[in-house]
Engineer: 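My questions will all concern the structure given below.
Chain A is the first sequence line, chain B the second, and so forth, proteins listed ahead of strands; every chain is numbered from 1. Worth knowing before you read on, the calculation uses all heavy atoms, side chains too, and leaves out hydrogens, waters and symmetry mates. Computed from a predicted structure; not experimentally measured.
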There are 2 protein chains.
Amino acid sequence: MATMTGTQWLDDEEQRAWRAFVRMQGRLTARLNRQLQTDSGLSLADYEVLVQLTDTADGRLRPFELQRCLHWEQSRLSHHLTRMQRRGLIGREECTEDGRGAFIVLTDAGRDAITAAAPGHVDTVRSLFLDGLTRDQIAALRQVSEQVLGRLDATADTDD
Amino acid sequence: MATMTGTQWLDDEEQRAWRAFVRMQGRLTARLNRQLQTDSGLSLADYEVLVQLTDTADGRLRPFELQRCLHWEQSRLSHHLTRMQRRGLIGREECTEDGRGAFIVLTDAGRDAITAAAPGHVDTVRSLFLDGLTRDQIAALRQVSEQVLGRLDATADTDD
DNA sequence: TCGGTGTAGATGATGTGTCATCTACGCATC
DNA sequence: GATGCGTAGATGACACATCATCTACACCGA
């Protein structure tokens with residue numbers, strides 16, 4: 001990523017946009033995290049794992065499937081699942097089709113936890129984020145996000 | 001934040017926009033972090049601290065000033081500065097005007113580190129983010145970010 | 001059936017973020 | 001000048017993220 005020809009620095013508008021975005025993003029996720037943590041004892045990461053499991057018909061997923069849809073590092077996922085299992089939010093079951101793997105299953109406690117957490121979380125997303133934006137702004141944001149996601153996919157080496 | 005009257009769930013467009021934004025944001029910062037780390041041995045957090053110090057005339061700031069402009073938790077800042085000092089990126093000097101405080105000063109090593117890191121970082125911000133967007137999209141993003149920042153400020157209790 | 005390569009997943013070390021708590025100084029008021 | 005409150009900052013414990021590495025099984029071709 002080194003520039004032989006000299007880096008093109010950000011102009012004023014780019015600078016302002018980029019810095020506003022970075023700060024907004026960081027503070028927003030910090031707030032969402034705090035709300036979830038204090039009101040439900042879940043982290044944003046826990047929440048996302050539970051959402052994926054809830055969206056699956058039988059509440060069972062292979063870790064590598066979770067990895068693909070969350071785009072997490074494998075090791076992060078593994079550690080996180082260990083912690084979630086220790087807290088009783090998920091369980092592990094043997095996978096008979098593939099001796100290497102396992103199934104991650106949503107426990108009753110896990111289902112209860114996300115059911116309890118969801119309303120407050122969605123309310124917070126609305127009040128801190130969506131409620132301040134027009135439909136057009138929301139549509140524009142989606143387009144920007146998807147374009148950037150496309151670039152991230154296009155330039156992904158191995159990971160991510 | 002609990003809803004007595006029932007939560008208004010996200011409609012399809014809101015859902016798509018929000019999820020795209022969250023995923024984009026997480027993956028983007030992960031990539032930026034990795035680029036900085038592998039190419040310069042700095043984290044994004046290190047980089048931001050160093051930027052603030054570099055933008056100051058004498059390269060000296062009180063911790064609480066850093067806290068105000070970074071919007072970090074006090075404890076996070078304190079721990080981070082300790083680690084950065086251990087690595088020689090910053091130093092601490094006594095503050096004669098206020099016996100409680102200290103000055104954080106940019107060391108030569110710190111200045112070298114950010115000077116070396118900046119071009120690659122800016123290139124990455126461009127290639128993963130700005131280059132994929134039109135001027136209009138960048139302007140729209142800035143407006144959205146600033147509006148949300150306003151909401152975050154308006155609803156901040158103590159912290160953040 | 002043996003060896004090689006690829007894939008699923010776990011683990012230990014280390015850096016990072018948050019919470020609760022603690023110390024010490026500044027400052028006002030009695 | 002003692003009391004009390006507010007602010008500046010550090011610290012220990014713990015959850016989280018990343019990297020390097022390791023095990024075990026799958027699968028394929030000789």
Engineer: Taking heavy atoms of chain A and a 4.0 Å limit, find me the 5'-most and 3'-most nucleotide of DNA chain D within that range.
Structural biologist: D/dC16 to D/dA26

Engineer: Do B/H80 side-chain and C/dT16 base share a donor-acceptor contact under 3.5 Å?
Structural biologist: no

Engineer: Find which nucleotide of DNA chain C each of B/T96 and A/S78 is nearest to by heavy atoms, and output the residue with the more 5' nucleotide.
Structural biologist: A/S78

Engineer: Less than 4.0 angstrom between a side-chain N/O of B/R100 and OP1 or OP2 of C/dT23, yes or no?
Structural biologist: no

Engineer: For B/L70 and C/dT18, what is the distance between atoms CG and P respectively, to the nearest whole Å?
Structural biologist: 13 Å

Engineer: Counting only side-chain nitrogens and oxygens, does A/R34 get under 4.0 Å of the OP1 or OP2 atom of C/dC19?
Structural biologist: yes

Engineer: For the pair made of CZ in A/R31 and C1' in C/dT18, what is the distance, rounded to whole Å?
Structural biologist: 16 Å

Engineer: Does any N or O in the side chain of A/T56 come within less than 3.5 Å of the main-chain N or O of A/G59, such that one atom is a donor and the other an acceptor?
Structural biologist: no

Engineer: Taking side chain as C-beta onward, heavy atoms only, is A/D123 less than 4.5 Å from B/Q8?
Structural biologist: no

Engineer: Does B/R76 contact C/dT18 through a side-chain donor or acceptor facing the base, at a distance under 3.5 Å?
Structural biologist: no

Engineer: Within a strict 4.5 Å, meaning less than it, do heavy atoms of the B/D46 and B/R83 side chains meet?
Structural biologist: no

Engineer: State plainly whether one hydrophobic cluster holds both A/M84 and A/F103, where clusters connect Ile, Leu, Val, Met, Phe, Trp and Tyr through side-chain heavy atoms under 4.5 angstrom apart.
Structural biologist: no

Engineer: For A/E97 and C/dA8, what is the distance between atoms CD and P respectively, to the nearest whole Å?
Structural biologist: 14 Å

Engineer: Hey, which of these two, B/R87 or A/T38, hits DNA chain C nearer its 5' end, going by closest nucleotide?
Structural biologist: B/R87

Engineer: Grouping I, L, V, M, F, W and Y whenever their side-chain heavy atoms are under 4.5 Å apart, do A/V51 and A/F64 come out in a common cluster?
Structural biologist: no

Engineer: Measure from the side-chain N and O atoms of A/R92 to the backbone N and O of A/V105, and report whether any donor-acceptor pair falls under 3.5 Å.
Structural biologist: no

Engineer: Would you give the length of the straight line joining atom OG1 of A/T29 to atom CG of A/L36, rounded to the nearest 0.5 angstrom?
Structural biologist: 11.5 Å

Engineer: Give the residues of residues 43-69 of chain A touching DNA chain C, defined as any heavy atom closer than 4.0 Å, sorted by residue number.
Structural biologist: A/R62, A/P63, A/F64, A/R68

Engineer: Under 3.5 Å, is there any donor-acceptor pair linking the side chain of B/H79 to the base of C/dG15?
Structural biologist: no

Engineer: Give a yes or no on whether the backbone of B/L106 and the side-chain of B/R111 come within a donor-acceptor separation of less than 3.5 Å.
Structural biologist: no

Engineer: Give, for atom CD of A/E65 and atom CG of A/L77, the distance between the pair rounded to the nearest 0.5 Å.
Structural biologist: 11.5 Å

